[in-house]
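This one's a predicted model, so the numbers in the text were calculated from it and none came from an experiment. In listed order, ligands and their atoms are each counted from 1.
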Amino acid sequence: MLNVVVLVSGGGTNLQALIDAERRGELHGGKIACVISSREDAYALTRARQADIPCEVLLRREFKDQNAYDTALLELFKRHQADLVVLAGFMTIIGDRVICEYRNRMINIHPSLLPSFCGEGYYGLRVHKAVLERGARITGATVHFVNEVCDGGPIILQKTVEVLDDDTPESLQTRVMEEAEWHLLPQAVSLFCQGQIEVCGNQVRCKPMEQQEDSI
Ligand code: GRF
């Protein structure tokens, strides 16, 4: 079993999707070992506690600089023997040292089809507002590896969602979560934990199971 450490800051609906998938036995090869929150009042922590998952709270303001914060984050990853780190709505900046140490072992979910509507300032409702303002007919969600470029790492999975004429940022956000995010994230974690993901430069290949068994 690989240890999955999930980083959260808010409501934690994506964390809930992972918890539910694990309960259903669909997080093949993976176990949520710990949830780390950047806020004490994140509802995601309640979800984790209800599921008996160990929780940690790491407040950026308690560290003098990025380096000290990164050291604490790395210590927590080590303590919980993280094989995979999942950013599920995590709103605190992670330094390059952590990104480098967990290269191709840290994934993020973004609520648009990368490389559109991403980068600095594109988070939460702002993403969906920008999609509507641009008049896009299709949006969706993306799970990608984290690298030094904001929302710029290798893409693992994407799913499209139709934009409707009467959508508001709120209604679009809800549909993107329901139709895309909550399915993609457990699927990507499961693929990773089964060793089915291969990264080559910026490209990701998902190996079929037979090929994986052949190579053992
Ligand atoms: C999601 O829309 C996710 O794509 C983005 O942050 C939001 C987190 O929502 N990175 P939740 O806390 O999982 O409900």
All ring-ring contact (aromatic ring centres under 6.0 Å, His included) counterparts of Y123, not counting sequence neighbours: none
With sequence neighbours left out, the residues meeting ring-ring contact (aromatic ring centres under 6.0 Å, His included) with F90 are none
Atom 10 (N) of ligand 1 [closest protein heavy-atom partner, distance rounded to 0.1 Å]: I109 O, 2.8 Å
L59, CG: over 12 other non-hydrogen atoms inside 6.0 angstrom: yes
For T13, the ligand 1 atoms with a heavy-atom partner under 4.0 Å come out as 11 (P), 12 (O), 13 (O), 14 (O)
Under a 4.0 angstrom heavy-atom cut-off, which atoms of ligand 1 come close to G89? 6 (O), 8 (C), 10 (N)
Would you kindly check if the NZ (Lys) or CZ (Arg) of R105 is within the cone defined by 45 degrees around the ring axis of Y102 and under 6.0 Å from the six-membered ring centre? yes
Non-hydrogen atoms of M177 versus ligand 1: any pair closer than 4.0 Å? yes
Return yes or no for this condition: an N or O of N108 is under 3.5 Å from an N or O of ligand 1. no
Have a look at R137 and tell me which of L164, D165, V131 forms a side chain to side chain contact (heavy atoms under 4.5 Å, CB included) with it. D165
If you measure from each non-hydrogen atom of E181 to ligand 1, which part falls under 4.0 Å: side chain, backbone, both or neither? side chain
Are any of the heavy atoms in G12 under 4.0 Å away from ligand 1? yes
Return yes if a side-chain donor-acceptor contact under 3.5 Å exists between R97 and T71, otherwise no. yes
